[in-house]
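Below: the structure, in C-alpha cells.
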Amino acid sequence: MFLHQREQLSDAERQSRLGQLGDLLQEIAESGELVGSGALSDPLNTRTVTVREGAPEVTDGPFGEAKEQLAGYFLVDCESMERATEIAARFPDARDCAVEVRPLMDPSGLEM
C-alpha cells in the first residue's frame, strides 16, 4: 500500500485490516503454506550494484524507477499458482495496490 493511501484510511479501517492480515497469516502458518516473510527497509537505504569491465559500480537507491516499491515478502509453499493467487487476493493491501505472485526459480531447471 502506498503511504498516501495508508494515511487516508481511518484508524478503525487500519485496525480491521491488521486483524484480517493476522487471521490470514495464522491460517497459512497452520496449514504449513507460510514458509517465511520479511519487511524490506525503505528504498532510500537501497544500494544497486553492477559490475562493468570487472569493477563494481554502486549507486544509491533502487534500480527500478517506479512509483511502487516492494515493502516486504511472504514466501508460501502451496500446491499451485492458483492457490498462491487465492492467498494473495486475501491480503488486505490488495484492495489498494498490487500484490505480486511469483514462483521461485528451480535451480535444477536452469540452462547453462
Side-chain angles (χ1 to χ4, degrees):
M1 171 178 293
F2 305 116
L3 182 58
H4 70 279
Q5 290 169 320
R6 186 173 290 138
E7 291 170 351
Q8 293 174 0
L9 296 176
S10 69
D11 287 340
E13 180 62 21
R14 266 194 295 280
Q15 290 303 315
S16 174
R17 289 185 183 198
L18 283 173
Q20 293 167 22
L21 177 61
D23 292 346
L24 174 60
L25 294 178
Q26 181 177 351
E27 177 187 321
I28 61 177
E30 289 174 356
S31 72
E33 293 172 306
L34 180 62
V35 176
S37 65
L40 299 176
S41 179
D42 188 298
L44 294 173
N45 298 322
T46 301
R47 302 297 175 269
T48 299
V49 179
T50 57
V51 176
R52 299 295 181 264
E53 298 180 15
E57 295 177 10
V58 181
T59 57
D60 292 342
F63 178 73
E65 294 295 327
K67 293 178 185 174
E68 301 84 12
Q69 298 293 333
L70 187 63
Y73 70 92
F74 293 91
L75 181 61
V76 297
D77 182 10
C78 46
E79 64 189 36
S80 66
M81 179 60 95
E82 289 75 22
R83 174 63 180 149
T85 303
E86 176 186 309
I87 292 169
R90 293 181 54 204
F91 275 88
D93 285 351
R95 296 178 211 149
D96 301 306
C97 57
V99 175
E100 185 175 307
V101 178
R102 185 187 302 194
L104 291 178
M105 184 178 289
D106 183 356
S108 66
L110 292 178
E111 295 181 11
M112 300 285 178

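Here the structure is a predicted model, which means the values were calculated and not measured.
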So, for [X] and [Y], which heavy atoms are closest and what is the spacing to 0.1 Å?
| X | Y | value |
| --- | --- | --- |
| Leu25 | Leu34 | O-CD2, 4.2 Å |
| Cys78 | Glu33 | CB-OE2, 3.5 Å |
| Ala88 | Ala94 | O-CB, 3.8 Å |

To the closest 0.5 Å, what do you measure between [atom1] ([X]) and [atom2] ([Y])?
| X | Y | atom1 | atom2 | result |
| --- | --- | --- | --- | --- |
| Asp23 | Leu18 | CG | CG | 11.0 Å |
| Leu21 | Gln26 | CG | CD | 11.5 Å |
| Tyr73 | Leu40 | OH | CG | 7.5 Å |

Answer yes or no: is there a side-chain heavy-atom contact under 4.5 Å between Arg83 and Glu86?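 Yes, side chains in contact.
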Would a 4.5 Å heavy-atom cut-off, applied to side chains only, mark Glu82 and Thr85 as touching?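 Answer no - side chains too far apart.
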CA sep, side-chain torsions, deciding dist, call: Gln20, Ser16, side-chain hydrogen bond (donor to acceptor under 3.5 Å, both in side chains): CA-CA 6 Å; Gln20 293 167 22; Ser16 174; 3.0 Å; yes
Atom CD of residue position Glu57 - does it have more than 12 heavy atoms of other residues, nucleotides or ligands inside 6.0 Å?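 Correct, the count exceeds 12.
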Step-by-step side-chain contact (heavy atoms from CB on, under 4.5 Å) determination, Val99 to Phe74: CA-CA 10 Å; Val99 175; Phe74 293 91; over 6 Å; no
Side-chain heavy atoms nearer than 4.5 Å, only ILVMFWY residues, links allowed to pass through others: does that put Met81 and Leu75 together?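 Hydrophobic grouping puts Met81 apart from Leu75.
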Transitively linked via ILVMFWY side-chain contacts under 4.5 Å: Val35 with Leu104?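 Hydrophobic grouping puts Val35 with Leu104.
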I would like to know whether Val101 and Ile87 meet side-chain contact (heavy atoms from CB on, under 4.5 Å); could you show each step before the answer? CA-CA 9 Å; Val101 178; Ile87 292 169; over 6 Å; no
